Asker: 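Below is the structure I would like to discuss, written out as structure tokens.
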Amino acid sequence: MADTKAATIVSLLQTASHRLDAAGLPSPRLDAQVLLAAAMRTDRLSLLTRNTDQADAEAIKQFDHYIDRRLRREPVSQILGYREFWGLDFKVTADTLSPRPDSETLIAAALDWAKIDGAPDFILDLGTGTGCLLLALLSEFPQAFGIGIDRSEAAARVARHNAKALGLDARASILVGDWADALASGAAGSDGRLDMIISNPPYITAAAYKTLDRDVAAFEPITALVGGDDGLDAYRTLLPGAWYNLRPGGLLLLEIGYDQGQTVPEILKKQGFDPIWVVPELERRDRAVLAIRP
């Protein structure tokens with residue numbers, strides 16, 4: 001714990017980074033910087049230009065509280081209550097997955113596809129969570145309307161909050177319901193009307209879930225993470241309805257696990273999607289699959 005008397009930024013960061021590193025946390029210095037910036041009500045880059053400045057007692061007390069929570073493996077995004085994604089800030093709670101940089105691969109792929117096929121007018125996000133995928137797309141496609149569906153009412157409330165906070169609520173409808181039921185009934189878009197369906201479904205295997213870091217397993221909803229014994233249950237469930245609701249030529253974008261670059265396309269082929277592309281993220285691991293309804 002830091003001395004609650006005035007201390008320099010650099011000394012606070014050094015002490016906190018050491019504590020986090022000793023506890024085995026993967027990015028101790030970055031976490032310390034982000035948390036101290038929040039405690040001092042500034043941004044990280046500004047903080048780093050003020051190494052010799054002193055933090056006041058109240059900021060130090062708040063910083064210590066943040067560090068204690070991080071030492072209990074609580075994710076930084078839940079400590080702060082928000083996470084940046086695609087240049088936008090999203091409220092995060094224990095009822096949602098925290099948006100991850102890897103998922104931005106889907107947004108970049110959607111923008112690339114729009115250069116070829118044109119901007120979408122009607123978008124569906126399955127398992128919307130914070131709404132980060134849908135709302136990032138709506139921020140890029142100002143003419144588009146989107147629907148986000150989640151089984152969790154608590155998650156849907158978070159997505160609605162984010163839509164309003166970002167000024168996108170007039171173009172986003174967040175619904176609570178089962179994917180398969182909504183897709184089968186046409187409630188998500190009706191037969192052949194959707195230009196784009198996007199989803200980050202649960203794709204971790206039941207066995208892999210048992211090996212996850214406490215940061216994830218203890219603080220994020222299991223229903224948004226585990227996709228059955230082989231991690232593929234959600235894909236099998238949503239693909240028939242996705243086919244039904246997409247217009248011919250419509251695009252399906254799915255996030256996948258790094259080792260699912262062959263299995264998910266095989267399921268898509270059986271459903272009739274063609275062509276199909278696998279897109280890697282920045283570290284060159286498979287991260288997204290794009291598929292077209294012929």
Side-chain angles (χ1 to χ4, degrees), residues 95-110 113 123-130 132-134 147-152 155 176-185 187-189 194 196-213 216-217 220-246 250-281 283-294:
D95 299 303
T96 65
L97 290 182
S98 295
R100 290 166 169 80
D102 290 349
S103 298
E104 293 184 348
T105 305
L106 278 75
I107 307 301
W113 176 248
I123 304 169
L124 172 66
D125 178 18
L126 296 171
T128 198
T130 61
C132 66
L133 293 177
L134 177 64
I147 295 175
I149 298 177
D150 203 289
R151 293 175 180 172
S152 165
V176 178
D178 180 84
W179 300 350
D181 290 346
L183 289 169
S185 67
L194 291 170
M196 186 179 291
I197 297 177
I198 191 166
S199 182
N200 177 12
Y203 55 72
I204 296 173
T205 66
Y209 178 77
K210 298 176 181 177
T211 68
L212 289 179
D213 288 343
V216 177
E220 296 196 330
I222 185 173
T223 54
L225 292 167
V226 178
D229 289 342
D230 63 0
L232 300 172
D233 285 359
Y235 301 106
R236 298 188 185 100
T237 298
L238 69 86
L239 290 186
W243 174 275
Y244 173 77
N245 282 274
L246 274 172
L251 177 67
L252 176 65
L253 299 99
L254 300 172
E255 182 162 334
I256 61 171
Y258 71 93
D259 58 351
Q260 294 175 326
Q262 291 184 337
T263 51
V264 173
E266 288 173 0
I267 300 172
L268 285 159
K269 288 177 185 176
K270 290 178 181 178
Q271 185 61 47
F273 285 91
D274 183 67
I276 300 166
W277 303 271
V278 177
V279 181
E281 32 98 304
E283 295 184 4
R284 311 309 300 170
R285 295 174 298 186
D286 291 342
R287 182 55 59 194
V289 173
L290 284 68
I292 305 300
R293 176 183 172 179

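Since this is a predicted model, take the numbers as computed values, not measurements.
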Asker: Can Glu255 and Ser103 be said to form a side chain to side chain donor-acceptor pair (under 3.5 Å), step by step?
Answerer: CA-CA 7 Å; Glu255 182 162 334; Ser103 298; 2.6 Å; yes
Asker: Quick check: do Tyr258 and Pro280 have side-chain heavy atoms less than 4.5 Å from each other?
Answerer: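 SC-SC contact between Tyr258 and Pro280 ruled out.
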Asker: Specify the closest pair of heavy atoms between Tyr235 and Tyr203, including all atoms of both residues, with the distance to one decimal.
Answerer: OH-CB, 3.3 Å
Asker: Can you tell me how far apart CG (Asp102) and CD (Glu281) are? Round to the nearest 0.5 Å.
Answerer: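 Output value for this atom pair is 4.5 Å.
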Asker: Once you round to the nearest 0.5 Å, how far does CD of Glu220 lie from CG of Leu97?
Answerer: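 Between Glu220 CD and Leu97 CG, I get 5.0 Å after rounding to 0.5 Å.
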Asker: Show the nearest heavy-atom pair for residues Ala242 and Leu252, with the distance to one decimal.
Answerer: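 Closest heavy-atom pair between Ala242 and Leu252: CB-CD1, 4.2 Å.
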Asker: Can you see which heavy atom on Thr130 is nearest to which on Pro99, and at what distance?
Answerer: OG1-CG, 3.7 Å
Asker: Taking Asp178 first and then Arg151, would you say they form a salt bridge - that is, a charged N and a carboxylate O separated by under 4.0 Å?
Answerer: yes
Asker: For Leu254, which of Asn200, Leu238, Leu290, Ile198 qualifies under side chain to side chain contact (heavy atoms under 4.5 Å, CB included)?
Answerer: Leu238
Asker: For residues Leu133 and Thr128, determine if any side-chain heavy atom of one lies less than 4.5 Å from a side-chain heavy atom of the other.
Answerer: no
Asker: If I compare all heavy atoms of Ala291 with all of Ile276, which pair ends up nearest, and what's the gap?
Answerer: CB-CG1, 4.0 Å
Asker: Short question: side chain of Arg287, backbone of Arg285 - any donor-acceptor pair under 3.5 Å?
Answerer: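 It does not hold such a pair.
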Asker: How many angstroms lie between atom CD1 of Ile204 and atom CD of Gln260, to the nearest 0.5 angstrom?
Answerer: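 With rounding to 0.5 Å, CD1 (Ile204) is 9.5 Å from CD (Gln260).
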Asker: Out of curiosity, Thr237 OG1 to Leu126 CG, how far, rounded to the nearest 0.5 Å?
Answerer: 11.0 Å
Asker: For Val264 and Val289, which heavy atoms make the closest approach, and how far apart are they?
Answerer: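 Here Val264 and Val289 meet closest at CG1-CG2, 4.3 Å.
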Asker: Measuring from Ile267:CD1 to Leu232:CG, what's the distance to the nearest 0.5 Å?
Answerer: 4.5 Å
Asker: Work out which heavy atom in Ala155 is nearest to a heavy atom in Asp95; give both atom names and the distance.
Answerer: CB-O, 3.8 Å
Asker: Between the side chain of Arg293 and the main-chain N/O of Gly250, is any donor-acceptor distance below 3.5 Å?
Answerer: no
Asker: How long is the straight-line distance from CG of Asp125 back to SG of Cys132, given to the nearest 0.5 Å?
Answerer: 7.5 Å
Asker: Are Trp113 and Ile292 packed together at the side-chain level, in the sense that at least one heavy-atom pair is separated by less than 4.5 angstrom?
Answerer: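 Result yes, sub-4.5 Å side-chain heavy-atom pair found.
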